[in-house]
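Input: a single structure, listed below in structure tokens.
One-based numbering along the sequence shown.
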Amino acid sequence: MSTTLPEKPGSPESPGSPAKSLDVSGYSITRPAWVATASKRAYDLLSTVSNIALWSPNAIRAQYEDGSGPWAGAWFTGRNRREGTEWDSRSQVQKAERGAEFTYTVLGSVPVPIVRWRWTFTPYGQGTRPAHTWQLLEADPVLGTTYAELDALRDQTAASMEDTLVALAGWIADNPAA
């Protein structure tokens, strides 16, 4: 079963916000890996958002709101950290197709989506090739107000994604029945 929310147009620019004038269209990263499990199991592990803290160096916790789960429209909250700073986030699942794709967006300081995270799952040999994508959707001061700050964010995010994929692959190898 595939569930997808319709795309929503971006919000109008906020006057006086220096970050709003930044063009973020080129800020996207994809990192693939291979894990020793079926694509449906990889999907189940990653769409259970409370698991992400097991693998991500930046995630402290995440949980679905009010009994929600991995379906389009579901909301979840998270607590993250980077460079000694912690913050809370609110995200909404955009696409949930078991064994194929799990995509969500993160709200910014103005409640519009500013980042899209996407996991895709492709069967490969005796396992799965998950691909993890991060894409900036809107400029927001919480992400940075200059291109240098956005470049640093992109580079830190790429390193975190790679660490997450390595940890995920190791965890799956160590927990084949979980």
Side-chain angles (χ1 to χ4, degrees), residues 3-14 17-20 22 24-31 42-97 101-120 130-147 149-168 171:
T3 56
T4 305
L5 285 182
E7 291 291 325
K8 294 181 182 175
S11 68
E13 293 196 9
S14 302
S17 174
K20 283 292 183 186
L22 297 174
V24 300
S25 61
Y27 288 89
S28 181
I29 310 162
T30 299
R31 295 292 187 266
Y43 171 93
D44 291 347
L45 289 169
L46 287 158
S47 66
T48 303
V49 296
S50 57
N51 285 341
I52 195 63
L54 295 171
W55 312 298
S56 171
N58 298 109
I60 297 169
R61 68 179 167 274
Q63 66 183 34
Y64 284 106
E65 296 179 0
D66 300 325
S68 290
W71 52 78
W75 288 94
F76 64 92
T77 56
R79 181 124 183 112
N80 305 289
R81 69 176 151 252
R82 184 178 67 239
E83 297 183 336
T85 301
E86 292 187 9
W87 67 95
D88 293 315
S89 63
R90 188 159 190 249
S91 302
Q92 186 177 38
V93 177
Q94 300 298 307
K95 186 168 185 176
E97 186 175 339
E101 180 178 343
F102 181 68
T103 299
Y104 61 92
T105 54
V106 182
L107 298 181
S109 58
V110 177
V112 298
I114 59 172
V115 173
R116 175 181 294 124
W117 289 96
R118 181 176 184 232
W119 288 91
T120 58
H132 193 191
T133 300
W134 169 89
Q135 177 186 9
L136 286 184
L137 302 173
E138 294 282 339
D140 189 298
V142 301
L143 301 174
T145 58
T146 67
Y147 286 114
E149 290 173 345
L150 293 181
D151 290 348
L153 172 65
R154 178 202 54 222
D155 295 346
Q156 292 164 350
T157 301
S160 176
M161 290 166 67
E162 292 163 6
D163 291 345
T164 299
L165 286 163
V166 168
L168 172 66
W171 189 92

Tell me yes or no: between the side chains of [X] and [Y], is some donor less than 3.5 Å from an acceptor?
X      : Y      : result
Glu149 : Thr145 : yes
Arg118 : Gln135 : no
Thr85  : Glu83  : no

Would you call [X] and [Y] a side-chain contact if the rule is heavy atoms closer than 4.5 Å?
X      : Y      : answer
Leu150 : Val24  : yes
Val115 : Thr105 : no
Val166 : Asp163 : no
Phe102 : Val49  : yes

- Message: Checking side-chain contact (heavy atoms from CB on, under 4.5 Å) between Tyr27 and each of Asp151, Thr157, Leu22, which is the one that passes?
- Response: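 Only one option passes, and that is Asp151.
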- Item | Member of Asp140, Leu107, Val106 meeting the side-chain contact (heavy atoms from CB on, under 4.5 Å) criterion with Pro113 |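 Only match with Pro113 under side-chain contact (heavy atoms from CB on, under 4.5 Å): Leu107.
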- Answer yes or no: does atom CD of Gln63 have more than 12 heavy-atom neighbours from other residues, nucleotides or ligands under 6.0 Å?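 Not buried by this count: 12 neighbours or fewer within 6.0 Å.
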How many angstroms lie between atom [atom1] of [X] and atom [atom2] of [Y], to the nearest 0.5 angstrom?
X     : Y      : atom1 : atom2 : answer
Ser56 : Leu165 : OG    : CG    : 10.0 Å
Ile29 : Glu162 : CD1   : CD    : 8.5 Å
Ser89 : Phe76  : OG    : CZ    : 7.0 Å
Leu46 : Leu168 : CG    : CG    : 5.0 Å
Asn80 : Glu86  : CG    : CD    : 9.0 Å
Arg81 : Trp87  : CZ    : CH2   : 9.5 Å

List the atom of [X], the atom of [Y], and the distance in Å for their closest heavy-atom pair.
X      : Y      : value
Thr30  : Ala131 : CG2-CB, 4.1 Å
Ala59  : Ile52  : CB-CG2, 3.8 Å
Leu153 : Arg82  : CD1-NH1, 3.2 Å
Leu45  : Asn51  : O-ND2, 3.0 Å
Val142 : Ser109 : CG1-CB, 3.8 Å
Val93  : Tyr104 : CA-CB, 3.8 Å

- Task: Classify the angle between the aromatic ring planes of Trp55 and Trp171 as parallel (below 30°), tilted (30 to 60°) or perpendicular (above 60°).
- Result: perpendicular
- Task: May I ask you to decide if the ring planes of Trp119 and His132 are parallel, tilted or perpendicular, using 30° and 60° as cut-offs?
- Result: parallel
- Task: Is it possible for you to check whether Arg90 lies under 6.0 Å from the centre of the six-membered ring of Trp75, through NZ or CZ, and within 45° of that ring's axis?
- Result: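 So Arg90 does make the cation-pi contact.
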- Task: Test side-chain contact (heavy atoms from CB on, under 4.5 Å) on Leu136 and Ile114 and set out the steps.
- Result: CA-CA 6 Å; Leu136 286 184; Ile114 59 172; 5.9 Å; no
Using a 3.5 Å distance criterion without hydrogens, assess whether the side chain of [X] forms a donor-acceptor pair with backbone atoms of [Y].
X      : Y      : result
Thr48  : Asp44  : yes
Ser160 : Gln156 : no
Gln92  : Ala74  : no

- Query: Can you list the steps and then say if Glu101 with Thr120 is a side chain to side chain donor-acceptor pair (under 3.5 Å)?
  - Reply: CA-CA 4 Å; Glu101 180 178 343; Thr120 58; over 6 Å; no
